[in-house]
Amino acid sequence: MNDKPEILSLSKLQIHLPQDVHNQLETQYAILNDTSSCNHIDKILKSMKTSPAVTCCRVNLLTSSVDEVIEELKVHLSTIEEGDFNVHRHETISDLVIIRANNKLSADTDDSDIESLYNCSVPPNKECINIFPNWSKRNELGWPMSHRSIVVDRYCGEAVLRGSNIFVKGILAADSGIAEQEEVAIYAHLSSKSIPRGLVLEKYSGKCVFLGLGISNCKRYEYFSQSSGIGVIVTKIAGSSQPSLNSILTTKMMMQNLPSVCVAHALDPQPGDVILDMCAAPGGKTTHLASLMGNEGLIIACDKSKKKMLATRDFFQSHGASCIVPLALDSTKALLELPEGQCWMSPKDIIETASTSGLLEVGFYANSFDKILLDPPCSALGLRPKLHVELSSKELSKMADYQKRFVNNAVHLLKPGGTMTYSTCTINVCENEDMVKYILETFPCMKLVPIQSEIPGLNGLSNRGLSEEECQLVRRFDPSDSDGDTMGFFLAKFIKSS
Ligand code: SAH
């Protein structure tokens, strides 16, 4: 006999964090707790269950224009039956196009509108349809009686909430008898205990959450007999509607989260600059720099992973970003010592004299770059949507130690007078405000400077040793801030004194 499955609505789901991580974050954010409601970290975790309400498309100015992208997006979005979307230019960020779903309730909106799906663990069933007359216990177990259902893995579930369709590889369990074109209910498997792919739903006994509805693209057996392809086209999700933009305008724009788009703008690249991007793959921010510079200048893009960098190189090419030189390089080791008697060489000379076969493996001398974009690996506790977190507090503190190694190299590689941005996609203060404090204390040559006023964001937290003024200079993006409604992110800008 199976254990009973635990079937939740997204509203009932509490994102699982290891207790020590929860405690650590709770202490960091205690300063923002208000007496009227739950503590701040729980507010953040609640917003992390869904995607930000708007989709952001950053225009590649090397191949297109904002007007052209808006026009083409409008045409594409008008072909999407489910959902009504509004497309407009961002108020202050010049190369950013925003897509917002019009989720207003109207006379013809039925119960299955997104607001109610968020609160449901089964699809609304006004007509009391029962397609399982011979499975009387199904209702008791909590599965829908009106729909056959599928259970997908967690990562696939997170992608569904971002507007993605479901690839067969992500499907773990499904009801018998699902036909092509049949509407199915979609659940995400949450327990860490893995389940074998191909399980029939009757045998499923884990913990899962209802995510929405979709139309099966094939018969049930094909989910598990095919190695690739789309298994279910998602039609309604339990969160704000997200347009599916896969394979749309791929070289003319890129979908990026709003705070990520702020980074290249904060660095403010100018034609002719020599820039180092220390952690570049998959290349979103690097191509943004190239776009803003009109390809005039030199961007050295490093990533430790050769595999990622080879894919990123193709991405640079498809975006027409010809001023970028991709390197498979551990940038915590990017700083070369200048041997006695040897002449200092510029990044351009180093690149030109190095071997040209494959990806170059080189390093650079101190004081080489006009600008450095440092977007190091981080705990990623700001990514949305998130259905589960597997990260110990030990791993969290290790992250900050690793980031310091990038910072130490960056400070030396930057020219006097040069600019550096530091960014993370996490809400963990140890990697954010604390890192700013570390940089200011360890490197008196580094000065925290204002980020342009058109770049949105909140002040830094003031309980970590930064002064009021310093808190105002950084940008903190808080997922629970309903005005911003972004991912969790942090951005600071420094100038190295001459
Ligand atoms: N800036 C990127 C995202 C960077 S994510 C963008 O906007 O698209 C962090 C990246 O750092 C990962 O791709 C990871 O492979 C890379 N990385 C990890 N350790 C590194 C190291 N020591 N040197 C260079 N890159 C590293």
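All residue numbers in this chain count up from 1 along the given sequence. In each ligand, atom 1 is the first atom listed, and ligand 1 is the first ligand listed.
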Using a threshold of 4.0 angstrom between heavy atoms of the protein and any atom of ligand 1, which residues qualify? Met278, Cys279, Ala280, Ala281, Pro282, Gly283, Gly284, Lys285, Asp303, Lys304, Lys308, Leu329, Asp330, Ser331, Thr332, Asp375, Pro377, Tyr402, Phe406
Kindly state each residue pair satisfying ring-ring contact (aromatic ring centres under 6.0 Å, His included) with at least one member in residues 307-327, sequence neighbours excluded. Phe315-His319
Name every donor-acceptor pair, under 3.5 Å, that has one atom in a side chain of residues 326-339 and the other anywhere in the protein, sequence neighbours excluded.
unit_1 : atom_1 : unit_2 : atom_2 : d
Asp330 : OD1    : Thr332 : N      : 2.9
Asp330 : OD1    : Thr332 : OG1    : 2.6
Asp330 : OD2    : Thr332 : OG1    : 3.4
Ser331 : OG     : Met278 : O      : 2.8

Minimal heavy-atom distance between Ile99 and Cys57, with the atoms involved, is CD1-SG, 3.9 Å
Only pairs at least two apart or in different chains count here, so list each side-chain hydrogen bond (donor to acceptor under 3.5 Å, both in side chains) that has a residue in residues 160-170. none
Judged by atom type as modelled, is there a donor-acceptor pair below 3.5 Å linking the side chain of Thr442 to the main-chain atoms of Ile439? no
Determine yes or no for a side-chain-to-main-chain donor-acceptor pair under 3.5 angstrom, with Glu433 supplying the side chain and Leu461 the backbone. yes
